[in-house]
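Working notes, structure below.
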Number of protein chains: 2
Amino acid sequence: MDRRKSILEAAERSFSMFGYKASTVDQIAKIANVGKGTIYTFFANKEELFSEIITNLVKETKLAASKAIKEDRPFYENLHYALYEVIEFRKTHQLAVKLSQEVKEMNTSPVTDALQRIEKAVLNFVQKELDIAVEKGEIKECPTDIVAFMMVKLYLALIFDWERDNPAIQKEKMLEVLEMFVMDGLRKS
Amino acid sequence: MDRRKSILEAAERSFSMFGYKASTVDQIAKIANVGKGTIYTFFANKEELFSEIITNLVKETKLAASKAIKEDRPFYENLHYALYEVIEFRKTHQLAVKLSQEVKEMNTSPVTDALQRIEKAVLNFVQKELDIAVEKGEIKECPTDIVAFMMVKLYLALIFDWERDNPAIQKEKMLEVLEMFVMDGLRKS
DNA sequence: GAAATGACCGAATGACCAAAATAGTCATAA
DNA sequence: TTATGACTATTTTGGTCATTCGGTCATTTC
């Protein structure tokens, strides 16, 4: 068994369950069935181990979203499926959820950085897709940086904040309203 | 000079400058040129004083927005003017900025509550306006609770989060994009 | 007599330090 | 050469005590 890999897996599980701060290197070593020193032969320190996990998470999420995007489908369908993929991904990999909780209640600085990196990546991805869609003439000309920002913020708010004090809505319903709002706005056609 | 009023003004200034926790009752009394005991003849405790300030601010902001809304104007114009009115309402903004900063870095619980109250009030206001507009047939049918939520979150994100790691943009430009997004969406017409 | 006040009180806070836990190292073992 | 856990250095925690602050009330002011 690849030691490096089992360390990464153990760490991801631990971070997902207990958060960054509450995960000790000793514990991660135990889970990985590896001596503590071994971890330091592969990673400079706890923060770098964490950082690599985040990098992988971003990569995998991007991949999941990319898989949902087909050249020949209209923009909003791609958007719809990609968002769906990302939501599913978040659900199965609880890491991002746990981390945003940790940031909220104790402002752990490496975790704040990590979440910012994730958001940046998502923003980048969305903006690129928007650029392509504008290029293809599928959507109107617009400042794609601002629009990407708005879309991501909307998405995050709906996923994380809506259920705080509103009755839960179906994922499908949510995507549908989001799509209506994003694509056509409120004006009566 | 009305003592109650000067206490409220002093407290508002202090909360805006130093936040809730860092504002001491002694200090507020000093600023108001009033004995500390006097504050307690008007307000049961620090939290109620704070609460009344928030209530007033919400009321004033609502009033400002209402002034911009005219029955006989189309929805998007009302939206436009109301947004401008609110964004120019400095008093509310400054306090809101300071308070959200405080919540972020020390989770002061009365402050969290206050911000939630403000958001609730805004949400309510927006939803009511949306309901009216739907009723009048000015905008399409939609789940106004979710749409109100989306509009408010968008506004807050643009105002408070955009400049965190993006080049500042003109207020006008920002509101223009927001309006486009909300009214017409991205679809090419 | 009613309203205002600031000295006073108990609770909450935070500075400080010792003790415990944890990150990171390295001599030894496999 | 690679892996390891006992060891060290650093950080966090738990407990203390002095200080601060919210809130009261006997006294003063008008």
Gap between atoms [atom1] and [atom2], on [X] and [N] respectively (whole Å):
X	N	atom1	atom2	result
Ile7(B)	dG23(D)	CD1	P	14 Å
Asn45(A)	dA9(D)	CG	C1'	15 Å
Lys46(A)	dG24(C)	NZ	P	8 Å
Lys30(B)	dT20(D)	NZ	P	13 Å
Phe42(B)	dA3(C)	CZ	P	9 Å
Phe43(A)	dA23(C)	CZ	P	15 Å
Lys21(B)	dT20(D)	NZ	P	15 Å
Phe50(A)	dT22(C)	CZ	P	18 Å

- Message: Considering every strand and a 4.0 Å limit on heavy-atom distances, what is the contact class for Lys36(B): base, sugar-phosphate, or nothing?
- Response: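 Base contact.
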- Item | Contact under 4.0 Å: Arg4(A) side-chain N or O vs dA3(D) OP1/OP2 |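 No, Arg4(A) has no side-chain N/O under 4.0 Å of OP1/OP2 on dA3(D).
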- Message: Can you tell me if Arg3(B) touches the phosphate of dA3(C), counting only side-chain N or O atoms and a distance under 4.0 Å to OP1 or OP2?
- Response: no
- Let me know, please, whether Ile39(B) or Tyr40(A) comes out on the 5' side of the other along DNA chain C by nearest nucleotide.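 Closest to the 5' end, via its nearest nucleotide, is Ile39(B).
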- Message: Let me spell it out: for each of Gly37(A) and Val25(A), pick the nucleotide of DNA chain C with the closest heavy atom. Which residue's pick is nearer the 5' end?
- Response: Val25(A)
- Task: Give a yes or no on whether the ring-centroid distance for Phe89(A) and His93(A) is below 6.0 angstrom.
- Result: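 Yes, close enough.
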- Message: Let's see if you can work this out: which of dA23(C), dG14(C), dA3(D) has an atom nearest to the side-chain heavy atoms of Thr24(A)?
- Response: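 Nucleotide nearest to Thr24(A)'s side chain: dA23(C).
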- Quick note, Thr38(A) side chain, CB onward, closest among dG24(C), dA4(C), dA3(D) is dA3(D)
- Message: Parallel, tilted or perpendicular: which one describes the rings of Phe149(A) and Trp162(B), with boundaries at 30° and 60°?
- Response: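 Answer is perpendicular, since the angle exceeds 60°.
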- Honestly, is Lys46(B) close enough over Tyr20(B), meaning NZ or CZ under 6.0 Å from the six-membered ring centre and within 45° of the axis?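 Yes, cation above the ring, under 6.0 Å and within 45°.
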- Message: Can you give me the closest heavy-atom contact between Ser51(A) and Arg117(A), atom names plus distance?
- Response: OG-NH1, 3.2 Å
- Message: Using modelled atom types and a 3.5 Å cut-off, is there a donor and acceptor pairing between side-chain atoms of Asp184(A) and backbone atoms of Arg187(B)?
- Response: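 A pair under 3.5 Å: no.
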